[in-house]
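Chain A is the first sequence line, chain B the second, and so forth, proteins listed ahead of strands; every chain is numbered from 1. Bear in mind the structure is a predicted one, so any value in this text is a computation, not a measurement.
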Amino acid sequence: MYKREREATKFDNCNSTSKKKLRINILNSGSPRQLIDEHLSNIIKYIEEHGVGRYTDDIIQDALIKLAQKAELEDILDQRAYLFVTVTFKVKEYQRRINKEKGLFSSIEDNKLFCENKALEDPHLLKEIAETNHKKQTELFHHMEEHLPPHQKRILYLKFFENKSYKEISKIMNKSEGSVRKEASRGREKLRNLML
Amino acid sequence: MQTKIQELKSKSSKNHLEIVSLMIQYMNNELPENCAKEVENLINGCKECESLYREVKSFFNPDDKFIFELFNEEKIENARKKLHIVSEELTKDEVNEKIEEWDTYSCCGA
């Protein structure tokens with residue numbers, strides 16, 4: 001059982017003062033933070049893709065508090081699902097706020113946002129986006145295979161496809177965390193230059 | 001499973017969460033074969049579910065994530081730093097205030 005779930009179970013027996021206390025404990029214990037941290041790049045990518053990139057910090061902060069709030073209310077069976085639902089809801093909320101505050105077509109930017117959202121529903125465009133992404137991925141794997149030394153390849157694989165932390169990778173590879181970070185950074189730099 | 005999924009098709013946010021959870025498990029091959037088949041049928045059998053699954057996939061796709069991280073390292077690091085600062089600095093009153101604000105602002109949150 002996740003720590004946060006255990007906390008939530010305990011919550012049923014709390015009176016209102018300790019509820020407040022627990023709420024803060026959950027926030028400080030780092031559990032919601034860890035969840036966001038683990039998926040941070042997915043979250044930022046999603047926010048940017050949906051045209052609300054300038055509100056990234058606000059959305060992340062709102063999601064953090066929302067997760068901390070939710071943790072006290074009920075068991076969360078799948079934290080990933082809850083994170084997804086929270087972030088997508090927050091993004092839509094900010095999109096609605098933009099549209100409401102300025103009027104749907106009051107500025108070119110909003111018009112663009114509206115078109116982008118509409119475009120995401122277009123199956124032909126979606127297919128095109130998927131093809132472009134697939135092409136980029138193929139190119140990336142080719143470069144990884146051809147141009148990276150095996151240890152860098154392994155570090156990047158463990159980090160990005162197995163979702164391991166640098167600490168875990170350092171244990172797996174029997175290297176210091178610092179050297180793992182350095183190698184990952186070198187590998188990424190190499191790939192970045194090759195992909196440009 | 002079939003009955004369960006039929007139940008989940010209702011629109012309450014809790015069920016929405018369960019559908020998303022099933023989709024993530026399906027995407028990561030974490031479901032038993034028969035359940036995976038049911039989820040597959042659900043995705044292919046309803047446009048809304050198909051589009052939701054596309055969104056879930058795009059959100060968690062490790063390949064896209066890697067490419068994004070490759071070109072946005074600094075941005076992500078800055079956001080991570082801010083996240084850590086915010087989670088350390090938020091006070092009890094600020095959190096409660098924010099929660100009250102939501103309670104009055106939003107009628108149907110996640």
Side-chain angles (χ1 to χ4, degrees), chain A residues 20-21 23-24 27-28 30 32-33 36-37 39-46 48-49 56-57 60-62 64-66 68-70 74 76-78 80-90 93 120-121 126 130 133-134 136-137 140-141 156 159-163 185 188 191-192 195-196, chain B residues 13-14 16-25 27-28 30 47 50-52 54-73 75-80 82-88 90-99 101-103 105-106 108-110:
Chain A
K20 281 182 186 169
K21 217 172 182 181
R23 177 181 293 178
I24 304 310
L27 191 65
N28 289 339
R33 186 179 81 180
I36 292 184
D37 201 330
H39 297 279
L40 192 59
S41 38
N42 299 100
I43 296 169
I44 299 174
K45 183 168 77 71
Y46 184 87
E48 290 196 351
E49 279 172 359
T56 302
D57 292 342
I60 291 174
Q61 184 176 325
D62 283 1
L64 176 77
I65 300 176
K66 192 82 181 164
Q69 178 199 18
K70 187 70 177 180
E74 61 179 42
I76 295 172
L77 296 175
D78 190 334
R80 298 165 300 182
Y82 193 71
L83 176 73
F84 172 82
V85 173
T86 306
V87 172
T88 51
F89 174 77
K90 283 286 153 204
E93 190 181 275
L120 286 173
E121 290 164 17
L126 280 170
N133 284 345
H134 181 69
K136 268 191 191 170
Q137 285 157 17
L140 178 73
F141 288 124
L156 292 179
K159 174 73 187 148
F160 295 101
F161 298 99
E162 299 271 317
N163 263 329
S185 170
R188 280 206 301 256
L191 286 176
R192 222 178 355 248
M195 298 273 291
L196 283 174
Chain B
S13 63
K14 195 180 173 199
H16 178 70
L17 186 66
E18 287 181 42
I19 291 183
V20 171
S21 174
L22 280 170
M23 285 177 174
I24 296 172
Q25 291 175 67
M27 184 181 76
N28 293 333
E30 294 167 358
K47 269 197 166 177
E50 197 188 340
S51 131
L52 178 64
R54 215 167 27 222
E55 221 170 331
V56 168
K57 240 171 106 177
S58 123
F59 190 93
F60 289 105
N61 188 332
D63 299 345
D64 288 351
K65 178 187 165 190
F66 186 33
I67 292 173
F68 185 79
E69 287 201 6
L70 211 54
F71 292 100
N72 296 281
E73 209 176 344
K75 194 187 287 176
I76 294 162
E77 266 320 298
N78 285 340
R80 180 165 287 125
K82 280 182 195 163
L83 170 72
H84 287 212
I85 293 169
V86 164
S87 53
E88 297 298 330
L90 274 175
T91 65
K92 186 168 87 175
D93 289 342
E94 280 168 339
V95 175
N96 289 337
E97 200 179 293
K98 193 86 182 166
I99 288 167
E101 191 187 304
W102 281 330
D103 288 344
Y105 178 79
S106 136
C108 46

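Tyr46(A) is linked by a ring pair (Phe, Tyr, Trp, His ring centres under 6.0 Å) to His50(A), Phe59(B), counting only residues two or more places apart in sequence or in another chain. For Phe141(A), the ring pair (Phe, Tyr, Trp, His ring centres under 6.0 Å) partners two or more places apart in sequence, or in a different chain, are Phe161(A).
Using a 4.5 Å cut-off between heavy atoms, Asn78(B) does not touch chain A at all. Within the 4.5 angstrom heavy-atom criterion, only side-chain atoms of Leu40(A), from C-beta onward, approach chain B. Interface remark: Thr56(A) contributes no atoms to any contact with chain B (heavy atom separation under 4.5 Å). Of the atoms belonging to Glu30(B), it is side-chain heavy atoms, and not backbone ones, that fall under 4.5 Å from chain A.
Side chain of Lys45(A) to backbone of Ser58(B): a donor-acceptor contact under 3.5 angstrom is found. Asn72(B) contributes a side-chain N or O that, together with a main-chain N or O of Phe68(B), makes up a donor-acceptor pair within less than 3.5 Å.
Chain B forms the most heavy-atom pairs under 4.5 Å with one residue out of Thr88(A), Ile60(A), Asp57(A), Val87(A), and that residue is Asp57(A). Looking only at heavy-atom pairs under 4.5 Å with chain A, the residue among Leu83(B), Leu70(B), Ile76(B), Asn61(B) that has the most is Leu70(B). Comparing Glu73(B), Gln25(B), Lys82(B) by how many heavy-atom pairs each has under 4.5 Å with chain A, the most go to Glu73(B).
Relative orientation of the Phe60(B) and His39(A) rings is perpendicular, given thresholds of 30° and 60° on the angle between their planes.
For the atom pair Leu191(A) CG and Glu69(B) CD, the distance stands at 12.5 Å (nearest 0.5 Å).
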